[in-house]
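This chain uses plain numbering: 1 for the first residue, then up along the sequence.
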Amino acid sequence: MTDIEELLRSRIRDVEDYPEQGVMFKDITPLLADPAAFTALTDALAEIAERTGATKIVGLEARGFILGAPVAVRAGLGFIPVRKAGKLPGATLRQAYELEYGSAEIEVHAEDLGADDRILIVDDVLATGGTAEAAIQLIHRAGAEVAGVAVLMELGFLGGRGRLEPALRGAPLEALLQV
């Protein structure tokens, strides 16, 4: 385990039976509250952005906003929020996707992505991969290229990586921590 992995793991709190019985929730708020850990996380994700040749960062609502915005600033890139449907004014592109318990939709401002853009998607957790897959589809529909997906932690037992790999078309999926 690297020093950064050890630091990040030490600042993630396990919360049993949240949000429901039998679930072990990974709470990143202690990590965000620690300036050294948050800076290390931001630096590591910004390095991924630079390595992948990203031109913009997309953050997925809501924790992807918290992580993605400082990564964009650190890497000198633009930041684009991908929001739940109905939260953005003006012309948007919308993508529906399936959840374990139903369906949802996300959207992005249509003018924020273009053919010259290489997008790094940033989020806190890769679980089943549904939201990230929908974001990849949205980015492709906008005519932009996906440079990759970068997450703080991947919950490998939920199979999100296998779901995303076909949609990524060879772009990397990088998780700083495997759980």
Say you draw a straight line from CD1 of Ile80 to NZ of Lys56; how long is it, rounded to the nearest 0.5 Å? 4.5 Å
What are the two closest non-hydrogen atoms of Ala36 and Leu7, and how far apart are they? O-CD2, 4.1 Å
Please confirm whether the backbone N or O of Val82 pairs with a side-chain atom of His109, one donor and one acceptor, at under 3.5 Å? no
Rounded to the nearest 0.5 Å, what separation is found between the CD1 atom of Ile4 and the CZ atom of Arg9? 12.0 Å
Any residue meeting salt bridge (Lys or Arg N to Asp or Glu O under 4.0 Å) with Glu165, in chain and number order, not counting sequence neighbours: none
Report yes or no: do Leu77 and Val146 belong to one cluster of Ile/Leu/Val/Met/Phe/Trp/Tyr joined by side chain heavy-atom distances under 4.5 Å? no
Indicate yes or no for a side-chain donor-acceptor contact from Glu61 to the backbone of Lys84 under 3.5 Å, with no hydrogens or angles considered. yes
Can you check whether Val58 reaches Ile139 side chain to side chain, under 4.5 Å on heavy atoms? yes
Taking a hydrophobic cluster as the set of Ile, Leu, Val, Met, Phe, Trp and Tyr residues connected by side-chain heavy atoms closer than 4.5 Å, whether directly or through intermediates, do Ile121 and Ile28 fall within one such cluster? no
Quick one: CG on Leu177 to CG on Leu126, what's the gap to the nearest 0.5 Å? 12.5 Å
Does the side chain of Val23 reach to within under 4.5 Å of the side chain of Glu20, using non-hydrogen atoms? yes
Nearest heavy-atom approach of Ile66 to Phe38 is O-CZ, 3.7 Å
Heavy-atom side-chain proximity of Pro30 to Ile12 below 4.5 angstrom: no
Heavy-atom pair of closest approach, residues Ala144 and Ile119: CB-CG1, 4.1 Å
Sequence neighbours left out, what passes salt bridge (Lys or Arg N to Asp or Glu O under 4.0 Å) with Glu105? Give chain and number order. Arg94
For Tyr18, the hydrophobic cluster (side chain heavy atoms closer than 4.5 Å, chained through members) also holds Val15, Phe25
Residues two or more places apart in sequence or in another chain: which of them pass side chain to side chain donor-acceptor pair (under 3.5 Å) with Asp34? Arg11
In Å and rounded to the nearest 0.5 Å, what is the CG to CG distance from Leu138 to Leu113? 7.5 Å
Could you tell me whether the side chain of Thr55 and the main chain of Arg118 form a donor-acceptor pair under 3.5 Å? yes
Hphob cluster co-occupancy, Leu176 + Ile57, side-chain heavy atoms under 4.5 angstrom: yes
Can you find a pair of side-chain heavy atoms, one from Leu67 and one from Asp123, that are under 4.5 Å apart? no
Value for CZ (Arg163) from CG (Leu173), rounded to nearest 0.5 Å, stands at 13.5 Å
Tell me the closest heavy-atom pair linking Glu50 and Ala75, and the distance in Å. OE2-CA, 4.0 Å
If you count every heavy atom of other residues, nucleotides or ligands that lies below 6.0 Å from Asp14 atom CG, does the total exceed 12? yes
Under 3.5 Å donor-acceptor pairs involving side-chain atoms of residues 149-160, not counting sequence neighbours:
| residue | atom | partner | partner atom | Å |
| --- | --- | --- | --- | --- |
| Glu154 | OE1 | Arg161 | NE | 3.3 |
| Glu154 | OE1 | Arg161 | NH2 | 2.7 |
| Glu154 | OE1 | Gln178 | NE2 | 3.1 |
| Glu154 | OE2 | Arg161 | NE | 3.1 |

First locate atom CD1 of Ile106, then atom CG of Leu88, and finally report the distance between them rounded to the nearest 0.5 Å. 10.5 Å
Just checking, any donor-acceptor pair under 3.5 angstrom between side chains of Tyr97 and Ser103? no
Are Val122 and Leu31 grouped together when hydrophobic residues (ILVMFWY) are joined by side-chain heavy atoms under 4.5 angstrom apart? yes
Between Glu47 and Arg51, is the salt bridge (Lys or Arg N to Asp or Glu O under 4.0 Å) condition met? List the steps. CA-CA 6 Å; Glu47 192 275 322; Arg51 191 170 65 246; 2.3 Å; yes
Can you list the residues that meet the side chain to side chain donor-acceptor pair (under 3.5 Å) rule with Thr92, with sequence neighbours excluded? Glu107
Minimal non-hydrogen separation, Ala147 against Leu120, with atom names: CB-N, 4.4 Å
Where the side chain of Asp17 meets the backbone of Gly22, is there a donor-acceptor pair that is under 3.5 Å apart? yes
Contact summary for Phe65 and Phe79, nearest pair of heavy atoms: CA-CZ, 3.9 Å
Side chains of His140 and Glu145, heavy atoms from C-beta outward: is any pair under 4.5 Å? no
